[in-house]
2 protein chains.
Amino acid sequence: MKKYGKDITLKQTPQRLAIINFLDGNKNHPTAEDVYRAISRQFPTISLATVYNNLETLKQLGILRELTIDPDKKHFDTDIKPHHHLICKVCRRIVDIDIDFNLNIPDGCKCGFEITGSHIEFYGVCPACRRKGIN
Amino acid sequence: MKKYGKDITLKQTPQRLAIINFLDGNKNHPTAEDVYRAISRQFPTISLATVYNNLETLKQLGILRELTIDPDKKHFDTDIKPHHHLICKVCRRIVDIDIDFNLNIPDGCKCGFEITGSHIEFYGVCPACRRKGIN
DNA sequence: GTACGTGCAAAGGTTTTGCATTACA
DNA sequence: TGTAATGCAAAACCTTTGCACGTAC
């Protein structure tokens, strides 16, 4: 049992440890399928359901963040510090932007909302795709 | 045939006109299902495929924008001017933010990307949900 | 030993596609 | 009349769920 915050404990199964290990420090914003493919090399019998279960659990624990950037599938980010993303419109590669833009909405434009956070998506074309001239 | 930009023309079917009419000026960021339900009242035989086809066509023409804000389904926005969104974490309501934040990333942090646009998602709790105290 | 995790299969939800029919132009 | 759009059904795809079995603790 490993403790995560007060009261929360997780059994340390080999599959779970492999998933956490794969995600730790991973800057590639992998999808569930990406995680599944990577872990399958060590654990050929692991199921996609186990990957999804674990990603959900880790999300609940606040250990990772789900990115709603790609219209087609969810990506996961182990970096839970507030930060933003830069997405290549061509190859869909996602890169971190670690800048605090200090965004503020004037009270009159908040529609009475209580603002709790923000996330910026920058769109562009990455160096590799620019070289290929696909833009 | 109605002209949209150079060369591009669309047949004006009743279903398509109804969809365009429903979307025009609609600030509710509807999903495909929302559009389908609304149009079904006038055209009980319209199919969801037709709605999807038309949304895709209109997106291609640049008449509407697909929002990747909701992890569960796509929303559509007829306002194609650059603007941002404020999302209620509780009821998932989406509200427009028409402010230009003039975001700039220092060249050193761009990873060689050519930046073409940006979109900010603000998260918060809307007045109705605050009153209900679900936060 | 017990609760939790795993793996398989099936189901769920959204979106896309194939194809025959219909209708705009 | 010719081409594009519609509507239906089926498929594709990602994700979730039910359940029996296995395993961490």
Side-chain angles (χ1 to χ4, degrees), chain A residues 1-4 7-23 29-61 63-76 92, chain B residues 1-4 7-23 29-61 63-77 92 94:
Chain A
M1 293 277 188
K2 187 166 177 191
K3 293 210 170 284
Y4 288 97
D7 301 340
I8 307 151
T9 51
L10 288 186
K11 285 189 183 173
Q12 305 206 63
T13 67
Q15 294 89 336
R16 172 168 293 156
L17 290 174
I19 292 172
I20 293 174
N21 186 53
F22 172 71
L23 290 172
H29 312 86
T31 63
E33 183 68 32
D34 293 334
V35 176
Y36 174 67
R37 269 205 306 274
I39 307 300
S40 291
R41 286 199 283 271
Q42 298 171 57
F43 297 90
T45 68
I46 198 173
S47 84
L48 199 44
T50 296
V51 172
Y52 274 106
N53 287 340
N54 275 288
L55 290 173
E56 177 62 25
T57 303
L58 297 174
K59 192 175 74 178
Q60 300 291 350
L61 293 178
I63 292 173
L64 55 81
R65 186 174 150 193
E66 186 183 288
L67 299 182
T68 311
I69 278 185
D70 182 338
D72 295 324
K73 54 191 79 163
K74 295 173 182 169
H75 292 248
F76 295 88
R92 311 254 78 193
Chain B
M1 291 278 188
K2 186 167 180 189
K3 294 209 171 282
Y4 289 97
D7 300 339
I8 308 151
T9 50
L10 288 187
K11 286 191 183 174
Q12 305 207 60
T13 68
Q15 294 89 336
R16 172 168 293 155
L17 291 173
I19 292 172
I20 293 174
N21 186 53
F22 172 71
L23 289 172
H29 312 86
T31 63
E33 182 69 31
D34 293 334
V35 176
Y36 174 68
R37 269 204 307 276
I39 307 300
S40 291
R41 287 200 283 270
Q42 298 171 58
F43 296 90
T45 67
I46 198 174
S47 84
L48 199 45
T50 296
V51 172
Y52 274 105
N53 285 340
N54 274 289
L55 290 173
E56 177 62 25
T57 303
L58 297 173
K59 192 175 74 179
Q60 300 290 351
L61 292 178
I63 292 172
L64 56 81
R65 186 174 149 193
E66 186 182 287
L67 298 183
T68 311
I69 278 184
D70 182 337
D72 295 324
K73 53 190 82 162
K74 295 173 181 168
H75 291 249
F76 294 89
D77 195 339
R92 310 255 78 193
I94 302 170

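First the proteins, then the strands, lettered A, B, ... as listed; each starts at 1.
- One distance of note links CD of Gln15(B) with CG of Asn54(B); it measures 8.5 Å at 0.5 Å rounding.
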Any N/O pairs under 3.5 Å between the protein and nucleotides 19-21 of chain D? List them or say none.
none

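- To the nearest angstrom, P of dG7(D) lies 9 Å from CD1 of Ile19(B).
- Rounded to 10 degrees, the angle between the two end axes of the helix from dG1(C)-dC25(D) to dA25(C)-dT1(D) is 30°, with five pairs used at each end.
- Every residue meeting the salt bridge (charged side-chain N to carboxylate O under 4.0 Å, His left out) condition with Asp34(B), not counting sequence neighbours, appears here in chain and number order: Arg37(B).
- Residue pairs meeting the salt bridge (Lys or Arg N to Asp or Glu O under 4.0 Å) criterion with at least one partner in residues 38-54 of chain A, sequence neighbours excluded, do not occur; the list is empty.
- Across all their heavy atoms, Ile46(B) and Ser40(B) have their closest contact at CG2-OG, 3.9 Å.
- Residue-to-nucleotide contacts include no donor-acceptor pair under 3.5 Å from the side chain of Lys11(B) to the base of dA23(C).
- Scanning both residues, Val51(B) and Ile19(B), for their nearest heavy atoms gives CA-CD1, 4.1 Å.
- Evaluation of the side chain to side chain donor-acceptor pair (under 3.5 Å) rule for Ser47(A) yields Thr50(A) as partners, not counting sequence neighbours.
- One atom, CG of Asn54(A), and another, P of dC4(C), lie 15 Å apart when rounded to the nearest Å.
- Applying the side-chain contact (heavy atoms from CB on, under 4.5 Å) rule to Gln42(A) yields the partners Ala18(A); only residues at least two apart in sequence or on another chain are considered.
- Distances shown here put every side-chain N or O of Asn53(A) at or beyond 4.0 Å from the OP1 or OP2 atom of dC4(C).
- Sorted by first and then second residue, the salt bridge (Lys or Arg N to Asp or Glu O under 4.0 Å) pairs involving residues 50-59 of chain A (not counting sequence neighbours) are Glu56(A)-Lys59(A), Lys59(A)-Glu66(A).
- Protein atom NE2 of His75(B) is 12 Å distant from nucleotide atom C1' of dT14(C), rounded to whole Å.
- Looking at residues two or more places apart in sequence or on another chain, you find a side-chain contact (heavy atoms from CB on, under 4.5 Å) between Asp70(A) and Asp72(A), Lys73(A), His75(A), Arg92(A).
- For the pair Pro14(B) and Glu56(B), nearest-nucleotide mapping onto DNA chain C gives the more 5' position to Glu56(B).
- Atom NZ of residue Lys74(A) and atom OG1 of residue Thr68(A) lie 7.5 Å apart, to the nearest 0.5 angstrom.
- Looking at the side chain of Arg16(B), the nearest of the listed nucleotides dA25(C), dA5(D), dT15(D) is dA5(D).
- The nearest whole Å value for the distance from the CD1 atom in Ile39(A) to the C1' atom in dG7(C) is 15 Å.
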Under-3.5 Å N/O pairs linking protein and nucleotides 11-14 of chain D:
unit_1, atom_1, unit_2, atom_2, d
dC14(D), OP1, Lys73(A), NZ, 3.4

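- For Gln15(A), no side-chain nitrogen or oxygen approaches OP1 or OP2 of dT23(D) to under 4.0 Å.
- A distance of 11.5 Å separates CD1 in Ile63(A) from CG in Leu55(A), rounded to the nearest 0.5 Å.
- Remark: C1' of dT16(D) and CG of Leu55(A) are 13 Å apart, rounded to the nearest angstrom.
- Going from atom CG of Leu17(A) over to atom CD of Gln12(A) covers 5.0 Å, rounded to the nearest 0.5 Å.
- Remark: Leu48(B) pairs with Glu33(B), Tyr36(B), Tyr52(B) by the side-chain contact (heavy atoms from CB on, under 4.5 Å) rule, at least two apart or across chains.
- Remark: Phe22(A) pairs with Asn26(A), Pro30(A), Val35(A), Ala38(A), Ile39(A) by the side-chain contact (heavy atoms from CB on, under 4.5 Å) rule, at least two apart or across chains.
- Nucleotide dG5(C) holds its P atom 11 Å from the CD1 atom of Ile20(A), rounded to whole Å.
- Contacts of residues 40-51 of chain A with DNA chain C (heavy atom under 4.0 Å): Thr45(A), Ile46(A), Ser47(A), Ala49(A), Thr50(A).
- Of the candidates dT6(C), dT15(D), dA5(D), the closest approach to any side-chain atom of Leu10(B) belongs to dA5(D).
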